[in-house]
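Letters A, B, ... mirror the listed sequences (proteins, then strands); counts begin at 1.
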Amino acid sequence: MASDFFESVYQVVRLIPKGKVTTYGAIAACLGSKSSSRVVGYAMNGSHRVKPKVPAHRVVNRNGQLSGKMHFDTPYQMEELLKKEGIVVKNDQIQNFSQHYWDPNKALKLD
DNA sequence: GTCATGACAAAGA
DNA sequence: TTCTTTGCCATGA
């Protein structure tokens, strides 16, 4: 059972449009606690057990690195999914990260 | 009930 | 500039 904080995380992650990615810190900041990025990552760890699975593959660390690819069914599933959405992944690193970056704060503000 | 750990990030030295 | 330390909250033992 996910706590409210986790639910908020899942909610934001599900808002990420296809072909876009965001960072743990951005989500944490979106929730109001920029320092909670670690909790966001842990929330992603439980993302596989929530009913509406969240596109966790669209969430990477601030370096654009596929930090959590090993937590998927298969370690290569994450980059596969990203590639399918048009994102170029090289050596667990998203290329043109700034180009694919999607800011939840901005999206929510614009609504 | 407490202790340690985790898909991270920002600030200090 | 890089390296180290602290914060955050939930989960598991």
How long is the line joining CZ of Arg62(A) and C1' of dC8(B), in whole Å? 10 Å
Any luck finding a side-chain donor-acceptor pair between Asp103(A) and Asn105(A) under 3.5 Å? yes
Whole-Å distance separating the CE atom of Met44(A) from the P atom of dT11(C): 13 Å
Whole angstroms only, please: what is the CD1-P distance between Ile27(A) and dA7(B)? 16 Å
Is Glu80(A) salt-bridged to Lys84(A), going by a charged N under 4.0 Å from an acidic O? no
Partner lookup for dT11(C), please. Criteria are Watson-Crick or G-U wobble with both distances under 3.5 angstrom; report none if nothing qualifies. dA4(B)
What is the nucleic acid contact for Ser36(A), judged by heavy atoms within less than 4.0 Å: base, sugar-phosphate only, or nothing? sugar-phosphate
Is any side-chain heavy atom of Val39(A) closer than 4.5 Å to a side-chain heavy atom of Tyr24(A)? no
Kindly indicate whether the side chain of Thr23(A) and the base of dA9(B) share any N or O donor-acceptor pair separated by less than 3.5 Å? no
Would you say the side chain of Tyr24(A) and the base of dA7(B) hold a donor-acceptor pair, judged only by whether the two atoms sit under 3.5 Å apart? yes
Provide, to the nearest angstrom, the distance between the CE atom belonging to Met70(A) and the P atom belonging to dG6(B). 12 Å
Nearest to the side chain of Ser47(A), which nucleotide is it out of dC9(C), dC8(B), dA7(B)? dA7(B)
Give one of base, sugar-phosphate or nothing for Asn45(A), where a contact means two heavy atoms less than 4.0 Å apart. base
For Arg38(A), which contact category applies under a 4.0 Å heavy-atom criterion: base, sugar-phosphate, or nothing? base
dA7(B) C1' sits how many Å from Glu79(A) CD, rounded? 15 Å
Name the closest nucleotide to the Arg49(A) side chain, picking from dG7(C), dG12(C), dC8(C). dG12(C)
I'd like to know if the side chain of His57(A) pairs up with that of Glu85(A) as donor and acceptor (distance under 3.5 Å, no hydrogens or angles considered). yes
Applying a 4.0 Å non-hydrogen cut-off, can you work out what Ala56(A) is touching in the nucleic acid: base, sugar-phosphate, or nothing? base
Audit row: Gln95(A), Val89(A), side-chain contact (heavy atoms from CB on, under 4.5 Å) steps and yes/no: CA-CA 6 Å; Gln95(A) 305 302 301; Val89(A) 181; over 6 Å; no
Do Ser35(A) and dC8(C) share a donor-acceptor pair, side chain to base, under 3.5 Å? no
Roughly how many Å is it from CG in Leu31(A) to C1' in dG7(C), rounded to a whole number? 16 Å
Just how far, in rounded Å, is P of dC9(C) from OH of Tyr10(A)? 16 Å
Could you state the atom-to-atom distance from CZ of Phe5(A) to P of dC8(B) in whole Å? 15 Å
